[in-house]
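Below, chain A is the first sequence line, B the second, and so on; all start at residue 1.
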Amino acid sequence: MIHVIAGITTPFRYQFFNNGIIVATIAGALCGLLGVFVVLRGMSYIGHGLSHAVFGGAAASAVMNINYFVGAGVWGVASGVIIGRIARRRLIGADAAIGVVTTASFALGLALLNRYGQAKKSIEAVLFGSVLGVKTIDIVAVSAVAILSVVIIVALYRAFLFATFDPEVAQVSGVRVAWIEALLMGLLSLTILVTMRVIGTLLISALLVIPASIARMLTNSFARMLWISPIIGGVSAFVGMYLSYFLDTSASATIILSGTLMFIVVYAVTGIRGRTRISGLHHI
Amino acid sequence: MIGEVLVECAHMTCAYNSTVAIKNIDLTIRKGDFVGIVGPSGSGKTTLLKAILGSITPVEGHITKKPHLRMGYVPQVESVDWNFPVTVLEVVVMTRSSTGRLPRVTKDERADALLVLERLGLGGLENRHIRELSGGQQQRVFVARALFHRPEFLVLDEPTSGVDVRTRHEVLHLLADLHDEGVSIILSTHDLNGLAAHLPRLVCLNSEIIADGSPVDVLTPEILEQTFGAPMEVLVHGGMPVVVDGVGADIAERMSRLA
Ligand SMILES: Nc1ncnc2c1ncn2[C@@H]1O[C@H](COP(=O)(O)OP(=O)(O)OP(=O)(O)O)[C@@H](O)[C@H]1O
Ligand SMILES: [Mg+2]
């Protein structure tokens, strides 16, 4: 018995693991929260695009020896606002334009790392995330962004709800929709920035989509989605991170897989009801 | 008595990218007006209402509105995302986004909202998801949202599409009551006899304004043919024009062969 308990708690003896699981759990909850907007507005391609754009900024700042948060932060928030602008115009080809710009940023980052970086190791870490490099600054950063997001979303709750549900009418009812959208894109970019080191570029968009979709199957209320989705995101990150220690698998992959498992269970349990609820979500 | 001007369109043209939806619109809406817009599908009714609302800007000409005009908008049901996770109450209080910021619906707001819902025959449905309602109820939720804003000018896009005769009468009575209380109204409709013919003023639209006047003046075979591009006859019943489909003959002949 004592062995079992000792075994269960082994990973927590390592400082890097503790740091990693704290960041991952908060990151999961944060992605769950913002994922609600991503999923309801059918803009999962934006999460995907943003993470690829931030990757370019991360690589550039690594090569130029600039602090990651400063370099990738400026790059990420700027591209977030630009992407938001392009998407808002709803022009034909907006997703294509976003795809081209962000993939180019990604390719540039990759080339920079190839040419000047310390080889494969760092590329892998940025693509798939790494718990090893997690420092106290990451905990502070992800907590700060999480608190900021909660405060903003609670304070502007109705404007966010209205602008998400019915932007046209919201605009003429006095909601500053462009502002709300820029704010949302800014928060999304910050979120990707502070979670990317643990989750990695490639799997972040999944973490933005899975918890919110599960929450949508479980409830018909926007307000409830806003707390169910972060809980699911946090739990799947915690569980995935923990299991990855024993399975010796990539943390981010295990996190996404535990989220996916929850999705399948909820999909099966909620049956027809859950299915009709998510059927209306736009191309997730 | 002529009321003050609420909205005035002058030579207004609106387009989506490069396709022109409505052109050369000259239209004045005054306080106290109750206007219906009729026209075939794709004739630009929704576009005109959105231009009036201010969510579309004209590419040519202009539109002026009374400063600080408080408008309520009821969208065409087809344009609503019925899958969005909101309850009836959440939709109704949504328009008060600038005053009520926090997630919680205050007691006063709740009481206000419940009164409006009660008035629209939606009492007791406040916690339902918007999808779990009948077509007529869904329509009225958005009327409730518009009314909650206490508008002086109400803009409704096809408020009676897909509802039964009784609900249509209820909606008409409600609109007439609101009009009596001083709310100016513009609406679009496909229902010439059930709705349009009862209104004091009709605008026939087919990209351009074909006619603008009282139903008796506007509902004539010539104007209708020009608007809808299909022959129609007009009878008079109890002093009111009744539009009947003029195509009858060949379709009737084909159908009679099936009988
Ligand atoms: N978002 C859009 N992008 C491009 N074209 C559009 C858009 N919305 C409408 N149109 C076009 O503008 C024209 C007018 O459309 P509108 O929706 O105003 O017609 P409507 O009279 O309201 O039709 P309905 O009776 O079917 O609701 C149509 O030719 C339509 O194809
Ligand atoms: Mg329309």
Exercise. Test salt bridge (charged side-chain N to carboxylate O under 4.0 Å, His left out) on A/Arg158 and B/Glu109 and set out the steps.
Key: CA-CA 13 Å; A/Arg158 280 205 203 154; B/Glu109 284 177 335; 2.7 Å; yes
Quiz item: If you measure from CD on B/Glu90 to CG on A/Leu161, what distance do you get to the nearest 0.5 Å?
Solution: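 One gets 6.5 Å once the value is rounded to the nearest 0.5 Å.
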Quiz item: What is the distance from atom CZ of B/Arg145 to atom OG of A/Ser173, rounded to the nearest 0.5 Å?
Solution: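 Going from the CZ atom of B/Arg145 to the OG atom of A/Ser173 covers 6.5 Å.
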Neighbour count above 12 (heavy atom, 6.0 Å) for [X] [atom1]:
X	atom1	value
A/Arg176	CZ	no
B/Arg70	CZ	yes
B/Glu78	CD	yes

Self-check item: Any A/Val172 side-chain heavy atom under 4.5 Å of B/Met71 side chain
Solution: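 Not touching, per the 4.5 Å side-chain cut-off.
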Exercise. May I ask you to test the B/Ser79-A/Glu168 pair for a side-chain heavy-atom distance under 4.5 Å?
Key: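 Side chain of B/Ser79 against side chain of A/Glu168, heavy atoms only: no contact under 4.5 Å found.
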Exercise. Select one option (side chain, backbone, both, neither) describing which atoms of A/Asn220 are under 4.5 Å from chain B's heavy atoms.
Key: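 It is both, since atoms from each part get that close.
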Quiz item: With a 4.5 angstrom heavy-atom cut-off, which part of A/Arg216 approaches chain B: side chain, backbone, both or neither?
Solution: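 For A/Arg216, the contact with chain B is made by the side chain alone.
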Self-check item: Closest heavy-atom pair and its distance - B/Pro85, A/Leu40
Solution: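 Where B/Pro85 meets A/Leu40 most closely, the heavy atoms are CD-CD2, 3.5 Å.
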Quiz prompt | Among the listed options A/Ser221, A/Ala163, A/Ala170, the residue most often paired with chain B at heavy-atom distances under 4.5 Å | solution =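 Top option by heavy-atom pairs under 4.5 Å: A/Ser221.
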Quiz item: For chain A, which residues from residues 32-51 of chain B lie under 4.5 Å away (heavy-atom distances)?
Solution: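 Near chain A, by residue number: B/Lys50.
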Practice problem: Would you mind checking if A/Arg41 and B/Asp81 are paired as a salt bridge, meaning a charged N to carboxylate O distance below 4.0 Å? | Solution: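 A salt bridge is absent here (no side-chain N lies under 4.0 Å from a carboxylate O).
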Self-check item: Contacts of type side chain to side chain donor-acceptor pair (under 3.5 Å), residue B/Arg140, not counting sequence neighbours
Solution: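 Once residues adjacent in sequence are excluded, B/Arg140 has no partner under the side chain to side chain donor-acceptor pair (under 3.5 Å) criterion.
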Quiz item: Quick one: what part of B/Ile130 sits under 4.5 Å from any heavy atom of chain A, side chain, backbone, both or neither?
Solution: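 When you check distances to chain A, only side chain atoms of B/Ile130 fall under 4.5 Å.
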Quiz prompt | Pairs meeting criterion salt bridge (charged side-chain N to carboxylate O under 4.0 Å, His left out) with involvement of residues 24-36 of chain A, two or more places apart | solution =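 Non-adjacent pairs meeting salt bridge (charged side-chain N to carboxylate O under 4.0 Å, His left out): zero.
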Exercise. Can you run down the ring-ring contact (aromatic ring centres under 6.0 Å, His included) pairs that involve residues 51-94 of chain B, sequence neighbours left out, and say none if there aren't any?
Key: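 Passing the test, one end in residues 51-94 of chain B: A/Phe165-B/Phe84, A/Phe222-B/Phe84, B/Trp82-B/Phe142.
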